[in-house]
Amino acid sequence: MPTVKTGRERRIRKIKMNRQVTIPKDIFDDLEWQEGDFAEIKRAKNGVFIAPKKLVDPDDILTPEDEAALREGLAKIRRGETVPWKEVKKWLKL
């Protein structure tokens, strides 16, 4: 079904089987969405709110200790306190 444009760039879409609604391509592209991405759907005052969402694996979340170590490492880099890669490789036995 073609898009029906009304004033102020409103678009009317038909709700299809299984409650599916097509997001207009230009909006989809502006949001930089891709097929398979996730979206948050919430009831809003006068309709529905849809927003892109990224899922985070719990294993990818830093512990408070990891966060502190990262902050300290970044502070050292900003102060110019770096170690040559050769030394790092030696410490890591690479």
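Computed from a prediction, not measured in an experiment: that's the story for all the values here.
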Query raised in the report: Can you tell if the side chain of R13 reaches within under 4.5 Å of the side chain of P24, non-hydrogen atoms only?
Result: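 Counting from C-beta outward, R13 and P24 do come under 4.5 Å.
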Requested in this report: Taking the side chain as every heavy atom from C-beta outward, state whether R11 and I27 have any atom pair closer than 4.5 Å.
Outcome: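 Side-chain contact under 4.5 Å: yes.
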Query raised in the report: In terms of side-chain geometry, is the basic nitrogen of R71 or D66 positioned less than 4.0 Å from the acidic oxygen of its partner?
Result: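 Here R71 does not pair with D66 in a salt bridge, since their nearest N and O are not under 4.0 Å apart.
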Query raised in the report: Between A51 and W33, which heavy-atom pair has the shortest distance, and what is it?
Result: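 Heavy atoms of A51 and W33 come nearest at C-CZ2, 3.9 Å.
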Query raised in the report: Residues two or more places apart in sequence or in another chain: which of them pass side-chain hydrogen bond (donor to acceptor under 3.5 Å, both in side chains) with K53?
Result: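 With sequence neighbours excluded, K53 shows a side-chain hydrogen bond (donor to acceptor under 3.5 Å, both in side chains) to E40, given in chain and number order.
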Requested in this report: Spell out, yes or no, whether I23 and V48 are grouped together once hydrophobic residues are joined by side-chain heavy atoms under 4.5 Å, including indirect joins.
Outcome: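 Looking at the clustering, V48 is in the same group as I23.
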Requested in this report: Give the cluster check for F28 versus I41: same hydrophobic cluster or not, with ILVMFWY residues linked at side-chain heavy-atom distances below 4.5 Å.
Outcome: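 Yes: a chain of side-chain contacts under 4.5 Å links F28 to I41.
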Nearest 0.5 Å please: distance from the [atom1] atom of [X] over to the [atom2] atom of [Y].
| X | Y | atom1 | atom2 | value |
| --- | --- | --- | --- | --- |
| D60 | L55 | CG | CG | 11.5 Å |
| T63 | E67 | OG1 | CD | 7.5 Å |
| D37 | E32 | CG | CD | 10.5 Å |
| E72 | L74 | CD | CG | 9.5 Å |

**Report entry** N/O donor-acceptor pair under 3.5 Å between N18 side chain and Q20 backbone
**Finding:**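 Flag not set: sc N18 to bb Q20 has no pair under 3.5 Å.
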Requested in this report: Determine, stepwise, if the pair K16 / T22 fulfils side-chain contact (heavy atoms from CB on, under 4.5 Å).
Outcome: CA-CA 9 Å; K16 299 178 184 177; T22 301; 3.6 Å; yes
List, one per line, each side-chain donor-acceptor pair under 3.5 Å for residues 80-93, sequence neighbours excluded.
{"from": "E81", "atom 1": "OE1", "to": "R79", "atom 2": "NH2", "distance (Å)": "3.3"}
{"from": "E81", "atom 1": "OE2", "to": "R79", "atom 2": "NE", "distance (Å)": "2.9"}

